[in-house]
Amino acid sequence: MGQTETHADTLVAPPTGPQPPTTPPNYAPPDNPPSDNAPPDSAPTDAAPPGRVPPAGGTRRLLWHLGEMAIAMIAGMLLLGPVWETAGALLGVAGALGSPEVAALTMATNMTIGMSVWMRYRAHGWDAVGEMAAAMYVPFLLLFAPMWAGLLDADAMLLGGHLLMVPAMVLVALRHRHAAPVAVRRHPAVVALARRWPTGLALLMTVDMWVDPALLSPWTMLVLPGAYLLIGLARRTLRGPGVLTTQFLGLAGWVGLALVAVAAGGRTAGWLVAFGWLAHAVWDLAHHRTGRVVPRAFSEWCGVLDAAIAATMIFALLSVGG
């Protein structure tokens, strides 16, 4: 049975009056990202750790809110894009769906659905959801006339629509940054799934790989250890005892594996690359357990993504035999 929970708007200033003594069992303040270091089976806390709350209506909160919207929009496109393609092929309207106007509106619809689901989960009102949806459609609609007049081609229309979408989203976010939260009924299963958003995002990003599995270049393995070094450098988490040495050993290992794969070529290279991505999934798991170098949300996302990519490459290798 669902439970009613009230989540503060991502941009809402925290109330200054007396607070109720208890909170709903599945309450998680939306103003703060979930704690990366919380044990997976621990119960959600009623208050975020000190220092995690951005200033009310401040820049950090605005950027976090817009970042969430961007991720939700990407998830909508990744999830619903294949659905439109499949439906178009089955109904024989693939050509119509490929026209610039329909393609733009379809893309806006995919982004709007993903964004709307997440905004409602974050307890935004329907007025804010509606205005953010308009920010998805209006930029494209405004550019249709110049495209029909021959002033823009289809690619310029799509690019311009995406560029105009950014300031439109910012204006809507600023307009509703002090909006009151609304009551949202959520099932505990929905809350549990939301806590595993890195896994869901990684799976969405690999949907097309399962449909059309392919082998990646050996040089793609250099991205795996390189990302950890860059993130660790930015977060200043490479200073612990043995941390930097471990990262450089990992870099040397994947560089060596890439060189061997390039020299071997053919199917052997494919198996080595698949093994390299699968090994990095284990690397991600180890970092996720320790919480070192990268945020746990990143190591969770990266681990699932790496495992899925490795699995699709193995599937591609087995599908052609040998």
Chemist: Give me each pair satisfying salt bridge (charged side-chain N to carboxylate O under 4.0 Å, His left out) with a member in residues 93-119, each pair once, sequence neighbours excluded.
Modeler: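 Matches after skipping sequence neighbours: none remain.
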
Chemist: If the test is side-chain contact (heavy atoms from CB on, under 4.5 Å), which one of Met169, Met132, His124 qualifies with Met115?
Modeler: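 The single option meeting the side-chain contact (heavy atoms from CB on, under 4.5 Å) with Met115 is Met132.
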
Chemist: Does any N or O in the side chain of Ser116 come within less than 3.5 Å of the main-chain N or O of Ile113, such that one atom is a donor and the other an acceptor?
Modeler: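 Such a contact is absent between Ser116 side chain and Ile113 backbone.
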
Chemist: Under 3.5 Å, side chain of Thr312 to main-chain N/O of Ile309, donor-acceptor pair present?
Modeler: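 Such a contact is found between Thr312 side chain and Ile309 backbone.
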
Chemist: Quick one: which residue pairs count as a salt bridge (charged side-chain N to carboxylate O under 4.0 Å, His left out) with a foot in residues 145-166, not counting sequence neighbours?
Modeler: none

Chemist: Can you see which heavy atom on Leu158 is nearest to which on Ala104, and at what distance?
Modeler: CD2-CB, 3.7 Å

Chemist: Does Val129 belong to the same Ile/Leu/Val/Met/Phe/Trp/Tyr cluster as Leu66, with side-chain heavy atoms less than 4.5 Å apart forming each link?
Modeler: yes

Chemist: Donor-acceptor pair, Thr268 side chain versus Ala264 backbone, under 3.5 Å?
Modeler: no

Chemist: Report yes or no: do Glu300 and His287 form a side-chain donor-acceptor pair below 3.5 Å?
Modeler: no

Chemist: How about Thr237 and Val243: do any of their side-chain heavy atoms sit closer than 4.5 Å?
Modeler: no

Chemist: Phe140 and Leu152: same hydrophobic cluster, using ILVMFWY side-chain contacts below 4.5 Å?
Modeler: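 They do share one cluster, since a chain of ILVMFWY contacts under 4.5 Å joins Phe140 to Leu152.
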
Chemist: Is there a chain of hydrophobic side chains (I, L, V, M, F, W, Y, each step under 4.5 Å between heavy atoms) that links Leu151 to Leu142?
Modeler: no

Chemist: Measure the shortest side-chain to side-chain distance between Ser99 and Val102 over non-hydrogen atoms and say whether it is less than 4.5 angstrom.
Modeler: yes

Chemist: Counting C-beta onward and ignoring hydrogens, is there a side-chain heavy-atom pair between Leu229 and Leu233 closer than 4.5 Å?
Modeler: no

Chemist: State, with a plain yes or no, whether a side-chain heavy atom of Leu222 is found less than 4.5 Å away from one of Trp219.
Modeler: yes

Chemist: Flag the pair Pro100 / Met147 as yes when at least one side-chain heavy-atom distance between them is below 4.5 Å, and no otherwise.
Modeler: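 They are in contact (side-chain heavy atoms under 4.5 Å apart), so the answer is yes.
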
Chemist: Can Leu216 be reached from Leu259 by stepping across I, L, V, M, F, W or Y side chains whose heavy atoms are under 4.5 Å apart?
Modeler: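 Yes, same cluster.
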
Chemist: Taking the side chain as every heavy atom from C-beta outward, state whether Leu272 and Leu257 have any atom pair closer than 4.5 Å.
Modeler: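 Leu272 reaches Leu257 side chain to side chain.
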
Chemist: Mind checking whether Trp254 and Trp283 have ring centres under 6.0 Å apart?
Modeler: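 Yes: the rings meet the under 6.0 Å criterion.
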
Chemist: OH of Tyr137: more than 12 outside heavy atoms within 6.0 angstrom?
Modeler: yes

Chemist: Look at the side-chain heavy atoms of Ile, Leu, Val, Met, Phe, Trp and Tyr, link any pair under 4.5 Å apart, and say whether Leu163 and Met157 land in one connected group.
Modeler: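 No, Leu163 and Met157 fall in different hydrophobic clusters.
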
Chemist: Taking the side chain as every heavy atom from C-beta outward, state whether Leu317 and Leu215 have any atom pair closer than 4.5 Å.
Modeler: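 Yes - at least one pair of side-chain heavy atoms lies under 4.5 Å apart.
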
Chemist: Answer whether the closest heavy-atom distance between the side chains of Leu201 and Val304 falls below 4.5 Å.
Modeler: no

Chemist: Please answer whether the main-chain N or O of Gly276 pairs with a side-chain N or O of His280 as donor and acceptor at a distance below 3.5 Å.
Modeler: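 Judged by distance alone, no pair lies under 3.5 Å.
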
Chemist: Does Trp126 have any ring-ring contact (aromatic ring centres under 6.0 Å, His included) partners at least two apart in sequence or in another chain, and if so, which?
Modeler: none

Chemist: Holding to ring-ring contact (aromatic ring centres under 6.0 Å, His included), I want the full list of residues that pass it with Trp84, two or more places apart in sequence or in another chain.
Modeler: none

Chemist: Where is the tightest heavy-atom contact between Ala316 and Pro213, given as atom of each residue plus distance?
Modeler: CB-CB, 3.9 Å

Chemist: Of all residues at least two apart in sequence or in a different chain, which pass the side chain to side chain contact (heavy atoms under 4.5 Å, CB included) check with Ala227?
Modeler: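 Counting only residues at least two positions away or on another chain, Ala227 forms a side chain to side chain contact (heavy atoms under 4.5 Å, CB included) with Phe298.
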
Chemist: Centres of the Trp271 and Phe275 rings: under 6.0 Å?
Modeler: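 Ring-ring flag for Trp271/Phe275: false, centres at least 6.0 Å apart.
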
Chemist: For residues 130-146, which residue pairs qualify under salt bridge (charged side-chain N to carboxylate O under 4.0 Å, His left out), counting only residues two or more places apart or in two chains?
Modeler: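 Checked against salt bridge (charged side-chain N to carboxylate O under 4.0 Å, His left out) - neighbours excluded - the pairs reaching residues 130-146 are Glu131-Arg175.
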
Chemist: Report yes or no: does Arg296 contribute a side-chain atom to a donor-acceptor pair with the main-chain N or O of Arg289 at less than 3.5 Å?
Modeler: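 Present.
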
